[in-house]
Amino acid sequence: MSDAPKPSNFIRDAVIEDLQTRRFKGVVTRFPPEPNGYLHIGHAQAISIDFGAAREFGGRCHLRFDDTNPAKESQEYVDAIMRDVRWLGFDWGEHLYHASDYFEQLYEWAVQLIKMGKAYVDDLTADQMSEYRGTLTEPGRESPYRNRSVAENLGLFERMRHGEFEDGSKTLRAKIDMSSGNINLRDPVMYRIRKATHQRTGDTWCIYPMYDWAHGQSDSIEGVTHSICTLEYEDHRPLYDWYLEQLAIHHPRQIEFARLNLSHTVMSKRKLLTLVEEGLVSGWDDPRMPTLAGLRRRGYTPEAIRDFCERVGVTKAANLRDIALLEHCVREDLNRRALRRMAVLRPLRLVIENYPEERVEELDAVNNPEDARAGTRKVPFSRVLYIEQDDFRDPPPPKYFRLSPGAEVRLRYAYVVKCTGVVKGLGGEVTEVRCTYDPASRGGDSRGRKVKGTIHWVSASHAVPAEVRLYDNLFSVPKPDEVEDVKTVLNPRSLETLTGCRVEPSLAGAAPESRYQFERQGYFCVDGPDSLPAGLVFNRTVGLRDTWAKIEAARA
RNA sequence: UGGGGCGUGGCCAAGUGGCAAGGCGCGGGACUUUGGAUCCCGUAUUCGGAGGUUCGAAUCCUCCCGCCCCAACCA
């Protein structure tokens with residue numbers, strides 16, 4: 001997290017302006033998710049902006065569920081959203097609301113608009129209404145039901161509420177302007193009939209307000225001053241303002257910003273839902289998902305996500321943020337905080353020929369070189385170890401600093417060893433590496449000798465078995481949204497499960513969701529749902545920067 | 001062809017008439033018991049384009065080009 005003063009942005013500037021001109025005397029914002037899916041990194045930015053503005057200006061931010069469409073919403077999503085907002089580090093205090101809290105008030109206001117001659121009950125079917133709406137370039141036509149009397153509209157609307165009509169047979173519409181260039185103003189629907197059970201209001205209602213009719217009025221009721229939303233609602237602002245003006249009630253200011261897009265993933269709830277429903281991922285919390293639940297399970301910290309949200313900035317320009325920036329943010333956070341451990345993902349036996357059979361030493365290892373307070377730990381060392389298969393090559397490629405026949409390498413915190421030979425299997429594959437150690441190099445001290453490479457290891461008889469899941473981008477292309485069928489660009493290697501891993505004994509009993517840096521490899525966290533005391537499961541959050549991999553890749 | 005937005009390096013983004021911040025990425029180097037971290041250095045003679053105003057323009061004016069959003073009884 002940077003300590004530098006946060007740069008301003010147009011939203012902040014607008015809020016400051018409104019305070020200075022006394023347009024509003026305080027700041028009240030709201031984060032208004034619809035409970036029809038899980039929150040993702042894009043929502044994290046909105047949450048940061050909404051709660052951030054409230055905090056910065058000494059105001060408050062409400063959490064309000066925009067629950068106006070019972071067909072798509074559920075309690076599972078409500079619970080998940082609250083859990084994720086809290087996890088991210090924000091607190092709405094007593095200010096938890098639901099658009100459904102206001103259904104009665106909304107109904108009364110609708111009656112008021114009818115009485116003002118500004119709303120009417122329409123009998124057009126959905127298809128007819130679409131025809132009457134016109135197109136982007138041609139004006140719409142007025143509905144034949146547009147001029148019903150106030151009395152008739154009042155009666156019809158009341159009967160709609162009482163369930164006398166079938167789903168879709170009637171709507172209540174605002175009477176604005178069928179020839180407006182802004183299609184949102186062509187007599188927008190305010191209510192539709194839906195005989196569906198709502199997760200909060202049950203069967204109390206069979207008519208439900210549309211977003212535009214519910215949102216602004218909900219903001220007004222709550223005394224919201226700044227209703228911050230994404231760009232696609234910019235066209236709705238004239239309607240937002242129109243309703244508030246007709247009703248002559250408290251009028252918040254709507255401000256729009258460009259939604260966040262991340263490379264190598266998709267962000268629309270619809271597409272994320274598809275991935276879940278088609279089983280392309282294990283669920284909304286699959287570690288490859290850009291959801292907060294997924295990022296949490298992957299090992300991301302709320303601090304890293306908040307830092308990312310601050311760094312990307314707030315503008316109105318279409319954008320595609322590089323996922324590398326998100327990864328940089330976790331690395332930076334975890335580098336400072338994560339305890340170091342040694343873990344061998346793809347084990348290769350290493351036998352130290354001149355090390356006594358039964359001997360075991362407890363060597364000191366630093367827990368976190370970035371934080372002296374983290375102290376040290378003991379790591380058992382013995383004659384037979386496991387090292388990483390990648391750390392032995394025969395013949396060694398140019399600039400390879402690790403083990404190869406005749407080469408010397410340092411075993412982290414242990415000894416300098418020299419490779420004396422290998423044992424091969426029937427297929428010619430290396431099954432064991434032999435070496436000798438220099439007793440005088442205990443602790444890894446090369447005593448002036450140049451030992452360029454240092455590799456990690458675990459003692460074969462002391463190590464704890466573990467499963468490790470290596471994650472990579474869900475999609476192999478930067479902009480999966482631009483592809484016809486996203487399934488064609490799914491990254492086939494987005495998940496690689498390693499089962500024969502060996503981790504140092506201090507990791508036994510590691511708590512679910514605890515995070516570590518496996519030295520030389522990356523940041524890993526204990527999987528929440530799947531890890532067991534008897535069967536540890538680690539998820540790779542992100543790899544360490546790997547300049548050797550770049551060198552090798554460049555050569556290929 | 002209607003309405004609303006937006007165009008600054010590979011990706012973001014400051015800048016609002018005075019001579020192109022910063023981050024990520026990338027390239028190079030130093031250091032290193034993580035090929036990690038850290039630290040240096042480099043990375044836009046130019047701000048979508050063309051005219052114009054001005055001593056001076058990414059910033060003002062004109063025209064042009066490109067991109068995004070809107071035609072759910074979704075949000």
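Worth saying up front: this structure is predicted, and the values here are computed from it rather than measured. Naming convention: chains lettered A, B, ... in sequence-line order (proteins, then strands); numbering from 1 in each chain.
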Interatomic distance at [atom1], [N] relative to [M], whole Å:
{"N": "B:G5", "M": "B:U54", "atom1": "C1'", "value": "30 Å"}
{"N": "B:A75", "M": "B:A50", "atom1": "P", "value": "46 Å"}
{"N": "B:C26", "M": "B:U33", "atom1": "C1'", "value": "29 Å"}
{"N": "B:C19", "M": "B:C11", "atom1": "P", "value": "27 Å"}
{"N": "B:G18", "M": "B:G56", "atom1": "C1'", "value": "7 Å"}
{"N": "B:U16", "M": "B:U53", "atom1": "P", "value": "24 Å"}
{"N": "B:C24", "M": "B:C65", "atom1": "C1'", "value": "30 Å"}
{"N": "B:C74", "M": "B:G66", "atom1": "P", "value": "35 Å"}

Tell me whether [X] is salt-bridged to [Y], with the criterion being a basic N under 4.0 Å from an acidic carboxylate O.
{"X": "A:Lys378", "Y": "A:Glu362", "value": "no"}
{"X": "A:Arg237", "Y": "A:Glu256", "value": "yes"}
{"X": "A:Lys269", "Y": "A:Glu34", "value": "no"}
{"X": "A:Glu303", "Y": "A:Arg337", "value": "yes"}

Quickly work out the [X] [atom1] to [N] [atom2] distance and round it to whole Å.
{"X": "A:Leu239", "N": "B:A71", "atom1": "CG", "atom2": "C1'", "answer": "15 Å"}
{"X": "A:Leu403", "N": "B:U34", "atom1": "CG", "atom2": "C1'", "answer": "17 Å"}
{"X": "A:Leu326", "N": "B:G25", "atom1": "CG", "atom2": "C1'", "answer": "14 Å"}
{"X": "A:Ile207", "N": "B:C73", "atom1": "CD1", "atom2": "P", "answer": "16 Å"}
{"X": "A:Arg337", "N": "B:G36", "atom1": "CZ", "atom2": "P", "answer": "22 Å"}
{"X": "A:Ile176", "N": "B:G3", "atom1": "CD1", "atom2": "C1'", "answer": "15 Å"}

May I ask you to say what [X] touches in the nucleic acid, namely base, sugar-phosphate or nothing, with a heavy-atom cut-off under 4.0 Å?
{"X": "A:Arg173", "answer": "nothing"}
{"X": "A:Tyr208", "answer": "nothing"}
{"X": "A:Gly313", "answer": "nothing"}
{"X": "A:Glu232", "answer": "sugar-phosphate"}
{"X": "A:Pro369", "answer": "base"}
{"X": "A:Leu124", "answer": "base"}
{"X": "A:Lys550", "answer": "sugar-phosphate"}
{"X": "A:Glu327", "answer": "nothing"}
{"X": "A:Thr315", "answer": "sugar-phosphate"}
{"X": "A:Ala317", "answer": "sugar-phosphate"}
{"X": "A:Tyr400", "answer": "base"}
{"X": "A:Asp212", "answer": "nothing"}
{"X": "A:Met210", "answer": "sugar-phosphate"}
{"X": "A:Leu320", "answer": "sugar-phosphate"}

Counting only side-chain N and O atoms of [X], is one of them less than 4.0 Å from OP1 or OP2 of [N]?
{"X": "A:Thr454", "N": "B:U34", "result": "no"}
{"X": "A:Arg449", "N": "B:U33", "result": "no"}
{"X": "A:Arg520", "N": "B:G35", "result": "yes"}
{"X": "A:Ser130", "N": "B:A72", "result": "yes"}
{"X": "A:His456", "N": "B:U34", "result": "no"}
{"X": "A:Arg194", "N": "B:C74", "result": "yes"}
{"X": "A:Thr547", "N": "B:G36", "result": "yes"}
{"X": "A:Arg186", "N": "B:G3", "result": "no"}
{"X": "A:Thr68", "N": "B:A75", "result": "yes"}
{"X": "A:Arg311", "N": "B:A13", "result": "no"}

Should the side chain of A:Asp235 and the base of B:G3 be counted as holding a donor-acceptor pair, with the cut-off at 3.5 Å? yes
Counting distance alone, no hydrogens or angles: does the base of B:U34 have a donor or acceptor under 3.5 Å from a partner atom on the side chain of A:Gln521? no
Mapping A:Arg321 and A:Pro209 onto RNA chain B by nearest heavy atom, which one lands closer to the 5' end? A:Arg321
Reading RNA chain B from 5' onward, which residue's closest nucleotide shows up sooner: A:Arg237 or A:His215? A:Arg237
Which of these nucleotides, [options], is closest to any side-chain atom of [X]?
{"X": "A:Asp322", "options": "B:A37, B:C11, B:U34", "result": "B:C11"}
{"X": "A:Gln517", "options": "B:U32, B:C73, B:U34", "result": "B:U34"}
{"X": "A:Arg133", "options": "B:U32, B:G25, B:A72", "result": "B:A72"}
{"X": "A:Leu325", "options": "B:C24, B:A13, B:G2", "result": "B:C24"}
{"X": "A:Ile183", "options": "B:G25, B:A71, B:U33", "result": "B:A71"}

Let's go through A:Phe381 and A:Trp457 carefully: what are the C-alpha distance in whole Å and the side-chain angles of both, what is the deciding distance for ring pair (Phe, Tyr, Trp, His ring centres under 6.0 Å) to 0.1 Å, and is it a yes or a no? CA-CA 9 Å; A:Phe381 182 85; A:Trp457 52 274; 5.2 Å; yes
Aromatic stack A:Tyr211/B:A75: centroid gap under 5.5 Å, interplanar angle under 30°: no
A cation-pi test, strictly: NZ or CZ of A:Arg173 under 6.0 Å from the centre of the six-membered ring of A:Tyr120 and no more than 45 degrees from its axis. Yes or no? no
Is it true that the NZ or CZ of A:Arg393 lies under 6.0 Å from the centre of A:Tyr400's six-membered ring and within 45 degrees of the ring axis? yes
Could you tell me which nucleotide pairs with [N] by Watson-Crick or G-U wobble geometry, both distances under 3.5 Å, or answer none if nothing does?
{"N": "B:G66", "result": "B:C6"}
{"N": "B:U33", "result": "none"}
{"N": "B:C60", "result": "B:G52"}

Checking ring-ring contact (aromatic ring centres under 6.0 Å, His included) against A:Tyr107, which of A:Phe157, A:Tyr208, A:Tyr102, A:Trp213 comes through? A:Phe157
Between A:Tyr38 and A:Glu76, a side-chain donor and acceptor under 3.5 Å: yes
Do A:Asp67 and A:Ser100 have side-chain atoms, one donor and one acceptor, less than 3.5 Å apart? yes
Base orientation of B:A72, chi within 90° of 0 counted as syn, else anti, reads syn
